[in-house]
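Quick notes on the structure that follows.
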Amino acid sequence: MTNILWNSLGLFLIVCLGYLTKRFNILSKADGSTLSMIIINITLPGAIIVNLAKLDIASNLLLLIVTGVVMNIVMIGFGAFFSKKQQTVERELLMYSASGYNIGNFALPFLQSFLPQAIPALSIFDIGNSIMLAGGSTVMIEAVSGSSKEIPSIFQIGKRLARSVPFLCYLIMLFLRSFSIEIPMRLVTMIQPIANANTFLSMFMIGLFLELRLPRSDIVLVVRTLAVKYIFGGVIALFVALLPLPSIIKMVLCLVSLGPLTTFGVVNSVQAGARPEVVGFTSSISFLVSLPLMTAILLLVL
């Protein structure tokens with residue numbers, strides 16, 4: 001228990017360091033975008049390769065792909081139901097914020113620090129989650145809200161996924177391990193330092209992107225959005241905890257249910273017309289809420 005607390009405080013310290021370097025003009029928010037490109041294209045793929053190098057494919061793991069899709073759909077449904085009386089822009093903000101699971105920039109580096117043996121299950125879940133983030137969620141949300149923007153086709157969704165380096169790494173590693181093809185350990189050893197850098201860079205980037213200023217008039221919207229996300233994320237986590245599933249899969253699904261907003265959710269909400277400062281503030285608060293919540297789950301279970 002003590003190790004978990006100190007580890008969690010260490011992650012929070014990294015976030016604070018990122019935020020302080022921005023506040024004191026050592027780095028800027030633009031540097032966070034550069035870090036994001038490094039993470040998505042280099043350190044995150046490295047972490048995926050290292051953690052899936054010895055993966056044993058089982059049928060219950062493959063079901064996590066479907067679970068990643070279904071959990072997104074469920075959260076979109078909750079968001080749609082509790083925003084029926086809101087304007088279109090606010091409805092889409094709530095649905096984008098409630099759905100989607102932030103794996104690459106939060107859950108994966110978080111579990112790298114606490115529970116690395118859970119990363120294979122998390123990675124398989126993220127395949128289904130990525131399909132929704134790449135366009136599946138947009139199709140559903142725009143259909144529910146009735147907005148007239150162009151809905152992405154299956155081809156466009158596939159094109160987005162094909163340009164995603166982490167998604168391609170998932171598929172390649174899944175293919176190799178399905179046929180029990182092993183990556184040479186010398187190569188894994190070479191990639192290990194790159195994978196190890198993922199946690200620090202991800203948490204530091206979160207600090208650079210933190211926005212903690214918002215007009216009081218928008219507080220109600222932020223509170224409503226986060227309430228739907230975390231209350232019903234908690235409901236899903238409780239439901240999962242009661243299912244007869246392997247403990248490691250329960251842990252992964254419970255943790256991601258209480259994770260922060262996704263980058264895709266932020267971008268899509270702004271494109272839908274939500275004000276960037278509201279979306280940025282909501283996203284920032286979600287990171288600060290998720291870190292202690294996910295730590296609490298680990299303390300209760302481990």
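We count residues from 1, following the sequence as given. What you see below is based on every heavy atom in this structure, not just the backbone, and it leaves out hydrogens, waters and symmetry mates. What you see is a predicted model, and the numbers here were worked out from it, not measured in a lab.
- With N129 as reference, N72 is the one residue of T67, T262, N72 to meet the side-chain hydrogen bond (donor to acceptor under 3.5 Å, both in side chains) rule.
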### side-chain contact (heavy atoms from CB on, under 4.5 Å) between L13 and M203, intermediate numbers included
CA-CA 9 Å; L13 175 62; M203 294 299 156; over 6 Å; no

### Task
Begin with the C-alpha distance, continue with both residues' side-chain angles, and end with the deciding distance and a verdict on side-chain contact (heavy atoms from CB on, under 4.5 Å) for S99 and F78.
CA-CA 9 Å; S99 62; F78 283 133; over 6 Å; no

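- Counting only distance, with no hydrogens or angles, the side chain of S283 and the backbone of G280 share no donor-acceptor pair below 3.5 Å.
- Residues passing the salt bridge (Lys or Arg N to Asp or Glu O under 4.0 Å) test with K250: none are found, sequence neighbours excluded.
- In this structure, L11 and T199 have side chains that are in contact, with non-hydrogen atoms separated by less than 4.5 Å.
- For F12, the CZ atom sits in a loose shell: 12 or fewer heavy atoms of surrounding residues, nucleotides or ligands are nearer than 6.0 Å.
- The same ILVMFWY cluster, assembled from side-chain heavy atoms under 4.5 Å apart, contains both V256 and L111.
- The side-chain heavy atoms of I124 and L55, taken from C-beta on, include a pair separated by under 4.5 Å.
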Donor-acceptor list for residues 32-42 side chains, cut-off 3.5 Å, not counting sequence neighbours:
{"from": "N41", "atom 1": "ND2", "to": "M37", "atom 2": "O", "distance (Å)": "3.0"}

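- Contact between A272 and V89 at its shortest, heavy atoms only, is O-CG2, 3.6 Å.
- D31 meets the salt bridge (Lys or Arg N to Asp or Glu O under 4.0 Å) test with no other residue; sequence neighbours excluded.
- Between the side chain of R177 and the backbone N or O of I181, at least one donor-acceptor pair lies under 3.5 Å.
- Transitive grouping of hydrophobic side chains (ILVMFWY, heavy atoms separated by less than 4.5 Å) keeps V165 and I194 in distinct clusters.
- Taking the six-membered ring for Trp and the full ring otherwise, the centers of F110 and F114 sit less than 6.0 Å from each other.
- Q117 contributes no side-chain N or O that, together with a main-chain N or O of I248, makes up a donor-acceptor pair within less than 3.5 Å.
- With values rounded to the nearest 0.5 angstrom, L171 atom CG is found 8.0 Å from L161 atom CG.
- Considering only heavy atoms from C-beta on, L52 comes within 4.5 Å of P120 through its side chain.
- You'll find the side chain of M140 reaches within 4.5 Å of the side chain of M132, heavy atoms only.
- For N268, there are no side chain to side chain donor-acceptor pair (under 3.5 Å) partners two or more places apart in sequence or in a different chain.
- Shortest non-hydrogen contact noted between F204 and L27 is CE2-CD1, 3.6 Å.
- Here the closest non-hydrogen pair linking A98 and V228 is CB-CG1, 4.3 Å.
- Nearest heavy atom pair, residue I48 against residue C169, reads CG2-CB, 4.0 Å.
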### Query
Given L226 and L261, is the side-chain contact (heavy atoms from CB on, under 4.5 Å) satisfied, shown in steps?
CA-CA 9 Å; L226 292 176; L261 270 67; 4.3 Å; yes

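- Cluster annotation: I14 is connected to L210 through the hydrophobic network of ILVMFWY side chains, with a link wherever side-chain heavy atoms come within less than 4.5 Å.
- Taking each heavy atom of P166 and L44 in turn, the nearest pair found is CG-CD2, 3.7 Å.
- At distances below 3.5 Å, not a single donor-acceptor pair connects side-chain atoms of N102 with backbone N or O atoms of G259.
- Looking at residues two or more places apart in sequence or on another chain, you find no salt bridge (Lys or Arg N to Asp or Glu O under 4.0 Å) involving R23.
- Between Y101 and D126 the shortest side-chain heavy-atom distance does not fall below 4.5 Å.
- To the nearest 0.5 Å, atom CG of residue N7 and atom OG1 of residue T295 are 9.0 Å apart.
- Counting only heavy atoms from C-beta outward, the side chains of L298 and M294 never approach each other to under 4.5 Å.
- Remark: the backbone N or O of F106 is not paired with any side-chain donor or acceptor of S202 at under 3.5 angstrom.
- Atom CD of E277 has more than 12 heavy atoms from other residues, nucleotides or ligands within 6.0 Å.
- Proximity of a side-chain donor or acceptor of S97 to a complementary backbone N or O of L94 within less than 3.5 Å is not detected.
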### Task
Applying side-chain contact (heavy atoms from CB on, under 4.5 Å), run through F209 and F287 and close with a yes or a no.
CA-CA 10 Å; F209 281 137; F287 281 104; over 6 Å; no

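- No side-chain heavy atom of T225 sits less than 4.5 Å from a side-chain heavy atom of E90.
- Going from atom OG of S137 over to atom CD1 of I76 covers 4.0 Å, rounded to the nearest 0.5 Å.
- Hydrophobic clustering, with ILVMFWY side chains joined whenever heavy atoms are under 4.5 angstrom apart, groups V278 together with V223.
- With a 4.5 Å cut-off on side-chain heavy atoms, I249 and F125 do not count as touching.
- V235 and L245 fall within the same hydrophobic cluster, where Ile, Leu, Val, Met, Phe, Trp and Tyr residues are linked whenever their side-chain heavy atoms come under 4.5 Å apart, directly or through other members.
- Separation of atoms CG (L201) and CG (N198) is listed at 7.0 Å; rounding is to 0.5 Å.
- Put simply, CD1 on I285 and OG on S290 are 11.0 Å apart, with the number rounded to the nearest 0.5 Å.
- Here the straight-line distance linking atom SG of C16 with atom CG of L9 works out to 10.0 Å at 0.5 Å rounding.
- Residues passing the salt bridge (Lys or Arg N to Asp or Glu O under 4.0 Å) test with E211 are K22, K29, sequence neighbours excluded.
- Judged by distance alone, with hydrogens and angles left aside, the side-chain atoms of R91 form no donor-acceptor pair with the main-chain N or O of Q86 at under 3.5 Å.
- Of all non-hydrogen atoms in S286 and P260, the two that sit nearest each other are OG-CB, 3.3 Å.
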